[in-house]
Engineer: 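Please see the structure below; I have some questions.
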Amino acid sequence: MSEFLDLLRQYDVAHAFWVNLQLTFWGGLLALGIGTVLAVMRISPLTSLRWAGATYVNLVRNTPLTVIMVFLVLAVWTQLGVTLSGDFTSNFFNFAVAGLGVYHAAFVCESIRSGVNTVPVGQAEAARAIGLPFLAAARIIVLPQAFRGAVAPLGNTLIALLKNSTVAAAASVAESSGTMKTLIEFHPDYRWQVFVTFAIGFVVLVIPIGLATTWLSRRLAVTR
Amino acid sequence: MEASAPALVELTDVNKHFGDLHVLRDINLTVRRGEVLVVIGPSGSGKSTLCRAINRLETIDSGTITVDGKPVPAEGKALAHLRADVGMVFQSFNLFAHKTVLDNVTLGPRKVRKAAKKDAEEAARTLLRRVGVEDQARKLPAQLSGGQQQRVAIARALAMQPKVMMFDEPTSALDPEMVQEVLDAMVALAKEGMTMIVVTHEMGFARKAADRVVFMADGQIVEQADPDTFFTAPTSARAKDFLSKILVH
Ligand SMILES: Nc1ncnc2c1ncn2[C@@H]1O[C@H](COP(=O)(O)OP(=O)(O)O)[C@@H](O)[C@H]1O
Ligand SMILES: [Mg+2]
């Protein structure tokens with residue numbers, strides 16, 4: 001047992017998980033930004049914006065994340081020569097964050113839109129009736145209530161993002177699933193222990209997010 | 001209200017369809033400055049659509065609508081400016097659910113009129129006092145009774161210092177015991193000379209405050225008269241029929 005723990009320390013499993021958390025944090029932030037813009041586009045009065053938003057969501061949501069990651073690293077970086085950082089490791093990390101953000105933005109958008117559906121149309125009409133232009137009405141009246149109604153689906157998106165952050169391995173980021181692969185390859189005797197360790201690691205990270213969003217979504221619910 | 005007062009809201013040959021349904025048919029209507037107009041008519045006759053068309057919450061198919069001499073703009077900043085000048089009170093109050101009563105009333109002045117926070121709050125408190133809900137300023141709308149919410153909604157609209165106030169069945173979602181407090185606030189407003197367009201079946205209000213009653217049916221203005229004449233001697237069969245129904249209840 002202590003030999004196995006030494007192995008975990010030697011391969012710095014804790015740090016590998018820490019990388020997944022960082023990917024999740026930055027990817028989530030990016031997804032939240034892009035997703036919010038997409039959601040505003042999809043509820044805007046301009047047909048062209050609605051169309052562009054819908055196209056993004058339907059395209060990205062139906063593309064495998066791995067395909068996006070591989071495209072970013074092989075095509076955008078290797079062939080087109082776009083770099084997101086001078087440092088080799090950070091460059092891969094940033095590409096992974098970009099891929100995670102771009103992909104999950106589609107899900108964030110749909111979560112926010114489900115939140116918008118919890119806001120009665122009368123709220124937006126009252127906002128327009130006092131003279132607020134579309135963007136101000138969206139920012140001050142509709143979105144704050146929509147976010148509060150979207151906590152649960154946003155939490156689910158965050159959980160999916162955390163699990164999907166392992167796909168960053170496809171963008172050559174040294175994170176937990178990559179470390180797991182190495183461990184199993186070089187220490188096959190421990191294959192079960194390794195699997196259980198990584199599985200539990202994710203469960204331990206995911207459960208609190210689920211609990212927190214359930215609690216938050218009750219606490220933040222708008223009373224009408 | 002003087003008969004010679006200038007027109008503030010003017011609808012000319014206005015038509016509107018919802019699909020195949022012709023909801024506004026050749027509407028011609030002039031509301032003069034300071035006039036209190038009551039719009040009455042059976043459900044589905046187009047009263048809400050008429051109000052909503054005036055601040056362009058609904059678009060129209062043909063005809064023109066002017067407010068204070070200017071055509072209602074189609075979109076953008078100009079439309080937002082017009083809406084700021086036209087107060088609207090909804091049947092279901094529509095107070096901003098996540099904002100306090102005070103914030104509901106100060107939001108428009110601050111974000112649209114760019115008033116300073118202190119000035120907006122002072123004005124809001126005065127308005128809330130006027131409609132009798134100043135002690136509720138820090139509460140959320142859901143903590144108020146329907147009657148109180150509707151009075152806050154009136155204060156919110158008034159805070160924009162509108163040229164005209166529209167009320168779309170402001171008391172029909174209220175419990176009976178709360179109707180009077182809202183009507184009282186509206187009567188007071190009428191007495192102060194506010195130009196008002198009020199969709200309501202409250203005859204008491206119409207008799208006390210209205211200068212003119214407009215009767216609508218099937219998207220048309222069927223008949224209009226001063227309240228006394230309309231309620232005691234309606235001329236059209238539709239109006240007689242309608243009045244006989246609401247008078248029974
Ligand atoms: N958004 C809409 N889409 C389709 N039909 C509508 C819409 N709003 C109202 N209508 C229809 O238009 C007619 C007039 O409605 P409305 O103006 O609300 O009447 P009122 O306020 O007099 O009851 C009704 O038959 C109603 O069903
Ligand atoms: Mg109506």
Engineer: Give, as side chain, backbone, both or neither, the part of A/A129 having an atom under 4.5 angstrom from any heavy atom of chain B.
Structural biologist: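 Both parts, heavy atoms under 4.5 Å.
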Engineer: B/L95 versus chain A, heavy atoms under 4.5 Å apart: side chain, backbone, both or neither?
Structural biologist: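 For B/L95, the contact with chain A is made by the backbone alone.
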Engineer: Could you tell me whether the side chain of A/Q145 and the main chain of B/H98 form a donor-acceptor pair under 3.5 Å?
Structural biologist: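 It does not hold such a pair.
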Engineer: Do you know which of B/A159, B/A84, B/G76 has the most heavy-atom pairs under 4.5 Å to chain A?
Structural biologist: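 Most heavy-atom pairs within the cutoff with chain A belong to B/A84.
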Engineer: Side chain, backbone, both or neither: which part of B/R113 has a heavy atom under 4.5 Å from chain A?
Structural biologist: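 Looking at B/R113, nothing touches chain A.
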Engineer: How far apart are the closest heavy atoms of B/M160 and A/I130, and which atoms are they?
Structural biologist: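 Scanning both residues, the minimum pair turns out to be CE-O, 3.3 Å.
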Engineer: For A/V222 and B/A97, work out which heavy atoms get closest and say how close.
Structural biologist: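 Heavy atoms of A/V222 and B/A97 come nearest at CG1-CB, 3.5 Å.
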Engineer: Can you tell me which of B/L79, B/L107, B/D85, B/V86 forms the most heavy-atom pairs within a distance under 4.5 Å of chain A?
Structural biologist: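 Most pairs with chain A among the choices: B/L107.
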Engineer: Report, as yes or no, whether the 6.0 Å neighbourhood of atom CD on B/Q161 holds more than 12 heavy atoms from other residues, nucleotides or ligands.
Structural biologist: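 Incorrect, the count does not exceed 12.
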Engineer: Looking at A/I140, A/T223, A/V119, which makes the most heavy-atom pairs under 4.5 Å with chain B?
Structural biologist: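 Ranked by contacts with chain B, first place is A/I140.
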Engineer: Tell me the closest heavy-atom pair linking B/L57 and A/E125, and the distance in Å.
Structural biologist: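 Closest approach of B/L57 to A/E125: CD2-O, 4.2 Å.
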Engineer: Give me the atom names and distance for the closest heavy-atom approach of A/A126 to B/F96.
Structural biologist: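 Minimum heavy-atom separation between A/A126 and B/F96: CB-CE2, 3.8 Å.
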Engineer: Tell me, side chain or backbone of B/K99 under 4.5 Å from chain A's heavy atoms, or both, or neither?
Structural biologist: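 Contact with chain A: side chain only.
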